[in-house]
J.: 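Structure in structure tokens, see below.
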Number of protein chains: 2
Amino acid sequence: MQNPLISKLEKHGPLSEEEKEVLQRITARTAIFEPREDIVPEGSTPSHSSLILSGFAMRHNHLPDGRRQITAIHVPGDFADLHSFLLKTIDDGVSALTACRVAFVAHKDLRDVTRNFPHLTRALWLTTLIDGAVHRVWMTSLGRMDARERLAHFLCELRDRLDSIGLVRDDSFELPLTQADLSDAFGLSTVHVNRTLQELRSDGLITSTGKVLTINDRKELRRIAQYNPDYLHIDQKLERD
Amino acid sequence: MQNPLISKLEKHGPLSEEEKEVLQRITARTAIFEPREDIVPEGSTPSHSSLILSGFAMRHNHLPDGRRQITAIHVPGDFADLHSFLLKTIDDGVSALTACRVAFVAHKDLRDVTRNFPHLTRALWLTTLIDGAVHRVWMTSLGRMDARERLAHFLCELRDRLDSIGLVRDDSFELPLTQADLSDAFGLSTVHVNRTLQELRSDGLITSTGKVLTINDRKELRRIAQYNPDYLHIDQKLERD
DNA sequence: CGCTGTCTTGAAAGGACTCAACGCCGGTGG
DNA sequence: CCACCGGCGTTGAGTCCTTTCAAGACAGCG
């Protein structure tokens with residue numbers, strides 16, 4: 001299968017053969033992580049960044065008193081901690097949600113990329129900027145939407161992100177988060193997540209069987225969430241020189 | 001006065017004379033904005049990024065139904081929308097909180113920087129990564145802290161950011177946000193912000209007279225907020241080659 | 001088969017919200 | 001020069017969304 005990072009970056013515009021070779025080369029070192037395993041521990045200072053090749057992962061922040069906030073969900077093709085390249089210490093850790101195949105990209109190699117491949121550098125920078133845009137939308141969700149809207153919004157977002165990498169069939173996709181995870185992602189209690197999901201189900205908007213979620217009425221779900229996918233910048237074009 | 005962008009980047013490590021000249025040159029075009037004026041309208045596609053030279057600004061997202069979330073506060077030296085360089089369309093607009101002097105940096109010039117100055121490119125990239133780190137902490141605040149903790153946390157953060165650019169005297173600094181602004185930044189109602197501020201005041205933690213805020217008991221304020229300034233990466237060093 | 005993690009349900013409590021009104025102050029226009 | 005106005009901060013009261021606590025059901029697993 002094609003390297004999911006290359007596929008993702010190519011959505012932003014064509015890459016040269018040389019650039020693809022570089023990407024292929026620097027993502028050659030891989031490892032497998034089991035569900036719930038730490039990929040990048042909170043507070044660590046890794047010498048490489050972790051690229052998700054397959055599986056789902058999440059980023060999370062812990063308060064000293066133990067409360068937890070999930071700050072991002074990562075899918076294949078996502079760099080879970082490209083920011084550690086320049087930020088050095090990881091404020092928020094990364095853990096596997098499902099079994100994950102991960103490529104370790106040495107910071108040294110990223111440095112070489114920034115020295116010799118301006119276009120690739122901009123493409124990688126772009127991915128971190130999109131991360132930021134998603135963060136801001138999550139902030140809006142956390143700050144200004146109620147539980148029902150938050151969950152609806154998240155499901156719309158995840159669907160579109162998974163769809164862009166071919167992991168959606170008939171509006172069904174894998175959702176490997178427990179209700180406790182969802183509650184930590186959306187600032188709710190597990191009890192309330194449970195009740196809100198039941199509400200969405202009984203309104204006929206979604207169906208969920210185990211770890212697979214189906215959106216039955218995407219239009220209505222989008223309306224509830226006031227969802228507009230532009231912020232994902234999935235096809236954002238990046239000019240070459 | 002020294003260009004505040006140069007000062008800020010120099011905190012991450014020395015810049016060459018040539019790099020400083022470049023920065024000086026590309027930030028030469030400036031403009032003044034009045035309080036409440038839009039610096040970058042939501043939804044626009046600017047051909048330059050806006051650097052705050054003096055004054056305070058904010059970034060904000062609007063939901064279609066009008067609810068608003070403030071996603072960042074910007075102080076001198078901050079690029080309010082460096083991300084528009086690669087993201088093109090602005091999801092969240094930028095407005096002046098006080099009168100602002102702003103430098104417009106042409107995206108064309110940024111492109112040249114990414115072509116010819118790898119170190120400067122990394123330094124600029126770093127600033128957007130720090131933005132992201134701050135976003136994630138705000139998410140944690142919005143998702144998992146109560147009103148008192150959120151406000152305490154924000155005041156600790158703003159103090160440290162202003163302190164790093166010399167705008168704090170005896171733990172006093174300018175806070176040009178109305179209570180309505182604060183409520184949109186922290187996902188609260190204005191009424192509740194008002195009551196929470198009163199509580200912080202009557203506990204002797206802060207004093208506020210008009211637009212100036214004083215922290216009287218920083219240690220206790222930090223304790224309440226479980227505040228740790230590492231995520232601001234203010235002195236994060238960036239190696240040269 | 002028992003354990004453990006996850007999902008579900010009920011009931012009561014509470015933090016934050018809405019609505020509504022009032023005071024204060026600086027700006028402005030007659 | 002002063003009355004009017006709008007923005008902002010403040011206060012009270014009632015409501016509601018969400019939480020907490022507690023316990024039971026269910027399913028996967030060793």
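Below, chains carry the letters A, B, ... as their sequence lines are ordered, and counting in each starts from 1. Model, not experiment: these values are computed from the prediction.
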J.: Any ion pair linking B:Asp146 and B:Arg148 (charged N to carboxylate O, less than 4.0 Å)?
T.: no

J.: As a test of reading the structure: which of C:dT8, C:dT18, D:dC21 is closest to the side chain of A:Val191, going by heavy atoms?
T.: D:dC21

J.: Per the atom types in the model, does the base of C:dG10 pair as donor or acceptor with the side chain of A:Arg195 at under 3.5 Å?
T.: yes

J.: Applying a 4.0 Å non-hydrogen cut-off, can you work out what B:Thr178 is touching in the nucleic acid: base, sugar-phosphate, or nothing?
T.: sugar-phosphate

J.: In whole angstroms, how far is the C1' atom of C:dC17 from the CZ atom of B:Arg67?
T.: 13 Å

J.: Whole-Å distance between C:dC24 P and B:Gln179 CD?
T.: 16 Å

J.: Please state how far atom CE in B:Met145 lies from atom C1' in D:dT19, giving the value in whole angstrom units.
T.: 18 Å

J.: Under 3.5 Å, is there a donor on one side chain and an acceptor on the other for B:Asp160 and B:Tyr227?
T.: yes

J.: In whole angstrom, what separates A:Leu97's CG from C:dT6's P?
T.: 12 Å

J.: With no hydrogens and no angle check, just 3.5 Å: does a side-chain donor-acceptor pair link A:Asp181 and A:His60?
T.: no

J.: A:Arg201 near the nucleic acid: base, sugar-phosphate alone, or nothing, with a heavy-atom cut-off under 4.0 Å?
T.: sugar-phosphate

J.: Taking 4.0 angstrom as the limit, do B:Arg223 and B:Asp217 come out as a salt bridge?
T.: no

J.: Charged N to carboxylate O under 4.0 angstrom, A:Arg136 versus B:Asp131?
T.: no

J.: Within less than 4.0 Å of OP1 or OP2 of C:dC7, is there a side-chain N or O belonging to A:Asn194?
T.: no

J.: Roughly, in whole Å, what's the span from CZ in B:Arg148 to P in C:dG15?
T.: 12 Å

J.: So which nucleotide from D:dT10, C:dA11, C:dC17 ends up closest to the side chain of B:Leu188?
T.: C:dC17

J.: Please report the distance, rounded to the nearest Å, between CZ in A:Phe186 and C1' in D:dC17.
T.: 18 Å

J.: Just the rounded figure in Å: distance from P of C:dC7 to CD of A:Gln198.
T.: 12 Å

J.: Using atom NE2 of B:His192 as one end and atom P of D:dG9 as the other, report the distance to the nearest whole Å.
T.: 17 Å

